[in-house]
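All of these numbers come straight from a predicted model, not from anything done at the bench. Per chain, numbering begins at 1; letters A, B, ... match sequence-line order.
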Protein chains: 2
Amino acid sequence: MNSSPSLKSAAVEKQSHQSYFKIGLSVDCVILGYANKELQVLVIKSDLKEFAGQWSLLGDLVRPEEDLDNASYRVLEERTGLKNVYLEQVHAFGTRDRHPSGRVITIAYYSLIDIQNHKMQVNEHELTWKPVRTLKKMAFDHRKILDTCLLRLSEQVFDKPLLFNLLPVKFALRDLQELYESVLGETLDRRNFRKKIAVKHWLRDTGDMEKSVVHRPGRLYTVKAASK
Amino acid sequence: MNSSPSLKSAAVEKQSHQSYFKIGLSVDCVILGYANKELQVLVIKSDLKEFAGQWSLLGDLVRPEEDLDNASYRVLEERTGLKNVYLEQVHAFGTRDRHPSGRVITIAYYSLIDIQNHKMQVNEHELTWKPVRTLKKMAFDHRKILDTCLLRLSEQVFDKPLLFNLLPVKFALRDLQELYESVLGETLDRRNFRKKIAVKHWLRDTGDMEKSVVHRPGRLYTVKAASK
DNA sequence: ATGAAAATATGTACTTACTACACATTAGTT
DNA sequence: AACTAATGTGTAGTAAGTACATATTTTCAT
């Protein structure tokens, strides 16, 4: 057993010559939106020959002077133009072979945004929204990262007012229910769903009704305070 | 916005000269045990002058050839001599200023062991068990890491058979309840607690009873299969 | 104008989980 | 034999979750 425990300065010095060359640190953001009644994730074409044609999450190397959380906010803002959105760290992925160019460990975050507010240029062939459902293979271990984030999200949706971040300011309860169903992967009973949401007191009735809908319009609600 | 997105090889190359010198990667293990009716954590005297006299968690730099999870298992085995114990990744901590010797980000894990099985040499002045309750200040951000792990643990104890890892093979329900109370920081009603545990079917009655106890002895149980 | 279509809005009975709470029993000690 | 300090157990009340059906409102087609 090593007699120099923990992180003494000497150990850091030592590693700076042995392994700083070999270990890279990145953040990857699972940026989720909701459109066409499906969860969507913002992805980009991988530029590595090993993953030619595959989609990858949005990430970047962490800069020496920035905190982890800052790095993920930076990626998010660079890619979506949005600030002050929900962002949560989920897991660090660090298997040896996860990056073909060398040793890179990544800290995964997920973020929830209203896809309508995403005003950056999206290009079908480079940066684009894809339904989560349709992404079977992804570059690196990104499908696993995505699944980990989706699982975390689904565990939290009834505890915290998260999903409202994916919807426009005003929405009908039906929209909300369909979104919950997308995230949970199961259908919900309408009456029970409304009861469950009602007791949380997350919503305020706007007084407005749905427009230009081909049936009886529903009331529009807004969230009192979504988690940021 | 950067025109080279994500993690292309070029970016990794680039960072290897800019920042691999500056970013270190470590794991820290919150190794928990239970003794004297209190949660205990295995800590070591910090060897940094900045934290002279303070206790720190057990950690080490991740080696270039090992996975994150391997690194934490290695630390755990080096420090406790134990293999095949429960270990879970909790969170990555990466603020700029968290390590005085330079930029070091750390991945925190927590582990649950039967303190009786810890046969390594513990030295009151270097490596030792401390009641969680008594550690007010710790080196680095280690008190925050500890709290994050304790919170995670408390959220899981009724969903997974975790706490049994802290107890000997045979234990009385009273021991178990006291352990739950330590972890949750609240007292529990005995009848309700037993009911709640019973419906999970985690336990098997050994047929044995407590010995040399100064009152009516309780039945001894064992766990069918604790989470590893 | 009327009827059909498609959705909204809502309540109740049932079951399951959680909470509060008290008393008889057992082994050890004196 | 009496005392001490625990174990072991059940019930009533409340809260949360589940299964399920009907009347209402608007648009659209005729």
Gln121(A) atom CD, over 12 foreign heavy atoms within 6.0 Å: no
Axial cation check for Trp202(A) ring with Lys224(A), 6.0 Å and 45° limits: no
Whole-Å distance separating the CZ atom of Phe193(B) from the P atom of dA6(D): 17 Å
Are any protein N/O atoms closer than 3.5 Å to N/O atoms in nucleotides 28-30 of chain D? If there are, list each pair with its distance.
none

Rounded distance in Å - CD1 (Ile197(B)) to P (dT9(D)): 15 Å
Residue among Val27(B), Leu82(B), Val85(B) satisfying side-chain contact (heavy atoms from CB on, under 4.5 Å) with Leu76(B): Val85(B)
End-to-end axis angle, where each axis spans five pairs of the helix from dA1(C)-dT30(D) to dT30(C)-dA1(D), to 10°: 0°
Ser72(B) and its side-chain contact (heavy atoms from CB on, under 4.5 Å) partner, picked from Val62(B), Asp28(B), Leu87(B): Leu87(B)
Passing option when Phe171(B) is tested against Tyr34(B), Phe164(B), Tyr221(B) for ring pair (Phe, Tyr, Trp, His ring centres under 6.0 Å): Phe164(B)
Heavy-atom side-chain proximity of Arg98(A) to Ile145(A) below 4.5 angstrom: yes
Distances under 3.5 Å between nitrogen or oxygen atoms of protein and nucleotides 7-11 of chain C:
from, atom 1, to, atom 2, distance (Å)
dT8(C), OP1, Arg174(A), NE, 3.0
dT8(C), OP2, Arg174(A), NE, 3.2
dT8(C), O2, Arg216(A), NH1, 2.7
dA9(C), OP1, Arg219(A), N, 3.0
dA9(C), OP2, Arg194(A), NH1, 2.9
dA9(C), OP2, Arg194(A), NH2, 3.4
dA9(C), N7, Arg190(A), NH1, 2.7
dA9(C), N6, Arg190(A), NH2, 3.4

Ring geometry between Trp129(B) and His118(B) (parallel below 30°, tilted from 30 to 60°, perpendicular above 60°): perpendicular
Length of the line joining Leu188(B):CG and dA17(C):P, which is rounded to integer Å: 18 Å
SB check Glu88(B) Arg152(B) (cutoff 4.0 Å): yes
Gap between atoms NZ and C1', on Lys211(A) and dT25(D) respectively (whole Å): 14 Å
Test item: Leu58(A) and Val43(A) side chains (from C-beta on) under 4.5 Å apart, heavy atoms: no
Cation over ring face, Lys196(A) and Phe158(A), 6.0 Å, 45°: yes
